[in-house]
Number of protein chains: 2
Amino acid sequence: MAQILSGREVASAMNDALLTRAGALAERGILPTLAIVRVGENESDLSYERGAEKRAQKVGVGIRKLALPGDVKAETLLETIRALNDDDSVHGVLLLRPLPEQLKGDSQRICNALRPDKDVDAMTDLSSAGVYQGRSDLGFPPCTPEACMKILHHYGISCAGKRAVVIGRSLVVGRPLAMMLMAEDATVTLCHSKTPNLPEIARQADILVTAAGHLGFVDAGFVRPGQVVLDVSVNWDPEKNGIAGDCVFDQAEPVVSAITPVPGGVGAVTSSVLMEHVITAAERRGL
Amino acid sequence: MAQILSGREVASAMNDALLTRAGALAERGILPTLAIVRVGENESDLSYERGAEKRAQKVGVGIRKLALPGDVKAETLLETIRALNDDDSVHGVLLLRPLPEQLKGDSQRICNALRPDKDVDAMTDLSSAGVYQGRSDLGFPPCTPEACMKILHHYGISCAGKRAVVIGRSLVVGRPLAMMLMAEDATVTLCHSKTPNLPEIARQADILVTAAGHLGFVDAGFVRPGQVVLDVSVNWDPEKNGIAGDCVFDQAEPVVSAITPVPGGVGAVTSSVLMEHVITAAERRGL
């Protein structure tokens, strides 16, 4: 029987601490504020926006919503971002992505128009340089890998001297997480679709993180007693008619020491991480 | 008996190709030009400068030397870099580092003043974002890890599906090399001073790269038959009264498949990589 690493519990502890920090800012007349820039009326964007609003309210973060028409020109979006750069009452900016087709060719230019110190969702190149170099003065890391680190920290799981195996090399999860685990002195192996003998490598991990995005990918062959398993993926499981991670939970859970559930694991922490970035940005600016 | 991976042979092949490319540029009236900015009269800087001049001459690259006094102010150095940014006849800029004490507090601001497309020695944050993201449109990777890749390519050693172990997580060698090996589909484990059981992990490698910087660090316990070993380190060996790598060569060479010597290995390739960056920068600008 593994310890269940509850993302909901981690988020709840984070939210308490964030509310205190936002309160201290409020006493100085600062409302930490996240601007959410949405292009078009995509349902998943709208749903994300609603979720962020709810979470923001809980922790004392203000939300400013900017909705642009679906056929907006790159130049207009760039102007919107530049105006937010110059707006001292906005501490963080979240641009909902993917952008519509007509903007895709300009998406790097658009993302990099944002000031790194307001880049709470790691969309600028300088933010990625910060994660890679292990520096905190260049934007913020992506929220999902940081949510993984928050779970490890909350449950007192140290990385130093441990072997970590990360499955998936994306720029939103695998690669930044490898850098963050290494920054805490784990020895990290970064696996991907071209890795042979993946189960064997996975079994060598003390900390196994899967972000493969394949339902049922991590089965009994990937795990051994003593491991901590973080399941980052959110897959649709037609059998249970709901979401599930990469792990065959019923196979992994009886073997390993600790594991995150899906839902209620890593994904439950990401929006608190986003809010923490906004509050941190406001604290830094307030200095 | 291992195959000796000769950096000198790789550099020679590279130089032939570079001379051809520089010739094609010359026909269009373009002299690919590297500006070397030196602060003070440090002997190791002067020696590096002389080496670069010699190598540049061999491959048809022009050198512009800018020597600033050792007590130069940050603002003057910044103006020098900005002038080079705007100078269309300069394609690459190399700032010799480390900078003197009085500039250290400003060194990030100084390094990032350079335009990334002229950053042939990876001193800007955007260049490091490029290595991390696997993109070639943001500056160039550091020369030493790229020299490792050149050796692998020259000798037809593929990375895809291989396990690579990199010892050392610095931003000039270990981390960028991990990214570059991964970009070619190796499964990379990045080891460092806090890694336990390093010999055991090293033996799992198909491609073992050591950049520990410790004479004699990689002994018989780190290697097994079939491995390719790249020894990046340059250590002083008092016994042989000369330089040597991390590997106990006499122990590793009889066991592994292929190995770089020190000297004459990775280090023999780096200045050709630097010259290639200058020529590539000139070609890109010439388009």
Side-chain angles (χ1 to χ4, degrees), chain A residues 108-109 111-112 116 119 122-135 137-139 141-142 158-172 174-176 178-198 200-202 204-206, chain B residues 108-109 111-112 116 119 122-135 137-139 141-142 158-172 174-176 178-198 200-202 204-206:
Chain A
Q108 275 177 357
R109 198 161 58 100
C111 289
N112 284 298
D119 184 17
M123 74 177 188
T124 63
D125 290 327
L126 284 174
S127 282
S128 80
V131 176
Y132 170 67
Q133 296 181 33
R135 282 166 56 189
D137 61 326
L138 296 172
S158 156
C159 295
K162 303 276 179 65
R163 290 200 67 178
V165 170
V166 176
I167 303 175
R169 56 178 155 176
S170 78
L171 284 167
V172 288
R175 242 178 288 183
M179 293 297 131
M180 295 164 93
L181 290 163
M182 188 202 70
E184 298 196 5
D185 290 336
T187 298
V188 183
T189 302
L190 192 48
C191 300
H192 46 76
S193 56
K194 301 290 164 54
T195 299
N197 309 321
L198 195 42
E200 186 189 324
I201 297 174
Q204 295 178 344
D206 301 305
Chain B
Q108 274 177 357
R109 197 160 59 99
C111 289
N112 284 299
D119 184 17
M123 74 178 187
T124 63
D125 289 327
L126 284 174
S127 283
S128 80
V131 177
Y132 170 68
Q133 296 181 33
R135 281 165 55 187
D137 61 328
L138 297 173
S158 156
C159 295
K162 303 276 180 66
R163 290 200 67 177
V165 170
V166 177
I167 303 175
R169 56 178 155 177
S170 78
L171 284 167
V172 289
R175 240 176 292 182
M179 292 297 129
M180 294 163 93
L181 290 163
M182 188 202 71
E184 298 196 4
D185 290 337
T187 298
V188 184
T189 302
L190 191 49
C191 299
H192 47 77
S193 56
K194 302 291 164 50
T195 300
N197 310 319
L198 195 41
E200 185 188 324
I201 296 174
Q204 295 178 346
D206 301 305

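Letters go in sequence order (proteins before strands), and every chain restarts at 1.
- There is no contact between B:Leu198 and chain A, counting heavy-atom distances below 4.5 Å.
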- Task: Given side chain to side chain contact (heavy atoms under 4.5 Å, CB included), test B:Asn197 with A:Arg163 step by step and report yes or no.
- Result: CA-CA 10 Å; B:Asn197 310 319; A:Arg163 290 200 67 178; over 6 Å; no
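- Considering all non-hydrogen atoms of both residues, A:Asp185 and B:His192 come closest at O-CE1, 3.5 Å.
- For residues 125-133 of chain B, a heavy-atom distance under 4.5 Å to chain A picks out B:Asp125, B:Leu126, B:Ser128, B:Ala129, B:Val131, B:Tyr132, B:Gln133, given by residue number.
- Taking CE of A:Met182 as the start and OG1 of B:Thr195 as the end, the distance is 10.0 Å to the nearest 0.5 Å.
- Residue contact with chain B, scored on non-hydrogen atoms closer than 4.5 Å, involves the backbone of A:Ala186 exclusively.
- For the set B:Gly161, B:Gly134, B:Ala160, the entry with the most heavy-atom pairs within less than 4.5 Å of chain A is B:Gly161.
- To the nearest 0.5 Å, the span separating CZ on A:Arg169 from CE on B:Met179 amounts to 11.0 Å.
- The structure places OG1 of B:Thr189 at 7.0 Å from CD1 of A:Ile201, a figure rounded to the nearest 0.5 Å.
- Atom CG of A:Leu171 is separated from atom CZ of B:Arg135 by 9.0 Å, given to the nearest 0.5 angstrom.
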- Decide yes or no on side chain to side chain contact (heavy atoms under 4.5 Å, CB included) for A:Gln204 and B:Glu200, but give the supporting numbers first. CA-CA 12 Å; A:Gln204 295 178 344; B:Glu200 185 188 324; over 6 Å; no
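- Only the side chain of A:Asp137 comes within less than 4.5 Å of a heavy atom in chain B; its backbone stays farther off.
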